[in-house]
Amino acid sequence: MKKIFFLFLQLFTFFNLSAQQIENVFIVSDNQTKSVSAWMREGIVYVSISELAEALSINYFENDQTGKVELKSNYFLLKSTPRSPFIVVTPRSSGTPKVFQLPTSTYLRGNKTFIPLLFTLSPLEIIVERELKFEKPNRLIVGKKITSPLEDKKWMYDIPDLPPTTGYDITGISITEKVNGTLIRVHSKSVIPSYYSSFENDELTIIFRKVNADIQKTSREGFSSLIKKIETRNVGADVEFKFKVGSEYSTSEVMNVPESNDVIITIHNKVFSKSDQNKKNIDKWNFDVVVIDPGHGGKDPGAVGVSNEREKDITLAIALKVGELLKKEMPDVKVVYTRKDDTFVDLYKRGKIANENNGKLFISIHCNSTKKKPTDVSGAEVYLLRPGRTQEAIEIAETENSVIKYEENPEKYEKLTDENFILVSMAHSAYMKYSEKFAELLHKDFDLNLKIKSRGVKQAGFYVLVGASMPSVLIETGFLSNKEEAKFLKSTAGQEQIARSIYSSIKSYRKYYEEAMDAEL
């Protein structure tokens, strides 16, 4: 299995400095008591993972510059990264990692990584090989030894071996519970050429075309409040999956697994919905900040057009025009730019800027191009953050992501075409329905009011969208490799027309967003 993509996810959540120091957490083990540094944020106790390793007599390595910590036991390795909601545990025997998704991120304070203790007990037990129990307010009890950890932890593996070969195309399913949903891997011996999905009356239906399934090995019943039942049946040349879901259901999606015939179904819950938040924090959901990201800049010109038009100049001009419209028409909404002039900004810093300003919508503006110039290819596109489903989308993402060659530390990024991009998609699921809505509004406005035709809403793995923990889209405003379109994009009139469409979509989206927020109260 490919290396788990988790490092880049440190960009998702950036803690504020509101944490308060509390008395140390005491580690009670074998009639001995040791203490470790602790902080509390929003009622959650965080402890220094390196100090905890010392108190538990676990070997560890800590990177003083990055804050990354790796714990080592006889059987497993545990890795923690600052500002990441993921803990990764890897068995030494197989090298196949297991990702634990936490309901909140770790954070960095004084070059030390602090982990949310209560939510990290399961992966810590694997490393310590002892039962752990946290007793509020500040005691961690180390219990009896867990025998034969390799045997006891068979459940660790996200994706078990394929079921025995049968005469069916789909031979079985594997189910993994996550904090914000359930991941179902459909094992298939044959390529699944297409699928259809629908949702009605608490029932999600997914039909896979031109394959059949082993019904006994793909049906399930009564295993979670999110998915109450899975029923499958072969209908002619197709197979139908029916998921009976509970009130926690939010969204779902289907993805192909690269270099495999398997398919992943992700069913998301409402763990991060507004209704789960304390009412006293309701103000943070107000639509009060829009973050505008002009693509490229500085030493990175972006795409260069047929008459030497530079993407970085056009995206900045459009971004500034959108901002001016917002300031004039929505004075109560703060406009944040990731850059306001011809400067270079690392991709991960763009998402960081958005998060630190509590953005409610992130819009990254770009221009498209083809390798061959000039070209007849034309049109604007709106992209969502998901694995690219067409070669064209993958190539566009690779082009936009190639900006990392200008950065000082490009190694921090990993290929989003990896199978484990699924983790990114699930972490963004809380915002996806809003991203989809804004993308839909943009597409319609472009189609009605823009001289450049709209090529629709698509999806691809853009690094710049990964870091923004909010509804977000990337806009390809047109093709600089097309003579007429390049001329339009470079013109003041063209830029104003595009800016007006983006503003109009923001205005419509704000109405939808505020109504949705009111409905969740």
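If you read the sequence from its start, that first residue is 1, and numbering goes on from there.
Closest non-hydrogen pair, C367 versus L489, comes out as SG-CD1, 4.4 Å. Across all their heavy atoms, S188 and N261 have their closest contact at O-CB, 3.2 Å. When all heavy atoms are compared, the tightest approach of F446 to S454 is CB-CB, 3.9 Å. Closest of all the heavy-atom pairs between A319 and I292 is CB-CG2, 3.5 Å.
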message = Between K79 and E70, does the salt bridge (charged side-chain N to carboxylate O under 4.0 Å, His left out) criterion hold? Intermediate values first, please.
response = CA-CA 4 Å; K79 292 183 180 179; E70 181 175 276; 3.7 Å; yes
task = Could you walk me through whether I87 and L78 pass the side chain to side chain contact (heavy atoms under 4.5 Å, CB included) test, one step at a time?
result = CA-CA 7 Å; I87 298 290; L78 180 150; 3.7 Å; yes
message = With side chain to side chain contact (heavy atoms under 4.5 Å, CB included) as the criterion, how do V186 and I265 come out once you've worked through the C-alpha distance, each side chain's angles and the decisive distance to 0.1 Å?
response = CA-CA 8 Å; V186 178; I265 302 170; 3.9 Å; yes
query = What's the verdict on side-chain hydrogen bond (donor to acceptor under 3.5 Å, both in side chains) for N482 and S378, showing C-alpha distance, side-chain angles and the deciding distance?
reply = CA-CA 6 Å; N482 181 295; S378 63; 4.6 Å; no
request  = Mind running side chain to side chain contact (heavy atoms under 4.5 Å, CB included) on I506 and I363 for me, showing each step along the way?
outcome  = CA-CA 10 Å; I506 295 173; I363 304 170; 3.6 Å; yes
request  = Would you sort out whether E381 and N368 count as a side-chain hydrogen bond (donor to acceptor under 3.5 Å, both in side chains), showing the intermediate values?
outcome  = CA-CA 9 Å; E381 297 169 320; N368 218 332; 3.0 Å; yes
task = Dump the intermediate steps for side chain to side chain contact (heavy atoms under 4.5 Å, CB included) on I365 and T477, then the final yes or no.
result = CA-CA 7 Å; I365 301 173; T477 55; 3.9 Å; yes
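By the 6.0 Å contact criterion, NZ on K483 is open, its count of non-hydrogen atoms from other residues, nucleotides or ligands being 12 or less. For N449, the CG atom counts as densely surrounded, since its 6.0 Å shell holds more than 12 non-hydrogen atoms of other residues, nucleotides or ligands. Within 6.0 Å of atom NZ in K373, more than 12 heavy atoms from other residues, nucleotides or ligands are found, so the atom counts as buried in its surroundings. The neighbour count for E496 CD, taken as heavy atoms of other residues, nucleotides or ligands under 6.0 Å away, is above 12. For K511, the NZ atom sits in a loose shell: 12 or fewer heavy atoms of surrounding residues, nucleotides or ligands are nearer than 6.0 Å. With a 6.0 Å radius and a threshold of 12 heavy atoms from other residues, nucleotides or ligands, K507 has its NZ atom at or below the threshold.
A donor-acceptor pair is defined here as one N or O able to donate and one able to accept, closer than 3.5 Å; no such pair exists between the side chain of N357 and the backbone of G359. The closest donor-acceptor contact from the side chain of N355 to the backbone of G351 lies under 3.5 Å. No donor-acceptor pair closer than 3.5 Å links the side chain of S504 to the backbone N or O of R500.
Salt-bridge check for D332 with R510: passed, with a basic side-chain N closer than 4.0 Å to an acidic carboxylate O. Salt-bridge annotation for K360 and D288: present, with a side-chain N of the basic residue lying under 4.0 Å from a carboxylate O of the acidic one. By the 4.0 Å N-to-carboxylate-O rule, D313 lies close enough to R310 to be salt-bridged with it.
Taking the ring centroids of Y249 and F199, they lie under the 6.0 Å cut-off.
Relative to the ring axis of F344, K299 places its NZ or CZ within 45° and under 6.0 Å from the centre.
The side-chain heavy atoms of E485 and I452, taken from C-beta on, include a pair separated by under 4.5 Å. You'll find the side chain of L204 stays beyond 4.5 Å of the side chain of F241, heavy atoms only. Using a 4.5 Å heavy-atom threshold, the side chains of I173 and R185 count as separate.
Using modelled atom types and a 3.5 Å distance limit, the side chains of H296 and E311 yield a donor-acceptor pair.
Of the residues listed (Y512, Y383, Y509, Y513), the one engaging F438 in a ring pair (Phe, Tyr, Trp, His ring centres under 6.0 Å) is Y509, and it is the only one. The salt bridge (Lys or Arg N to Asp or Glu O under 4.0 Å) test with D293 singles out one residue from K352, R350, R339, and that residue is R350.
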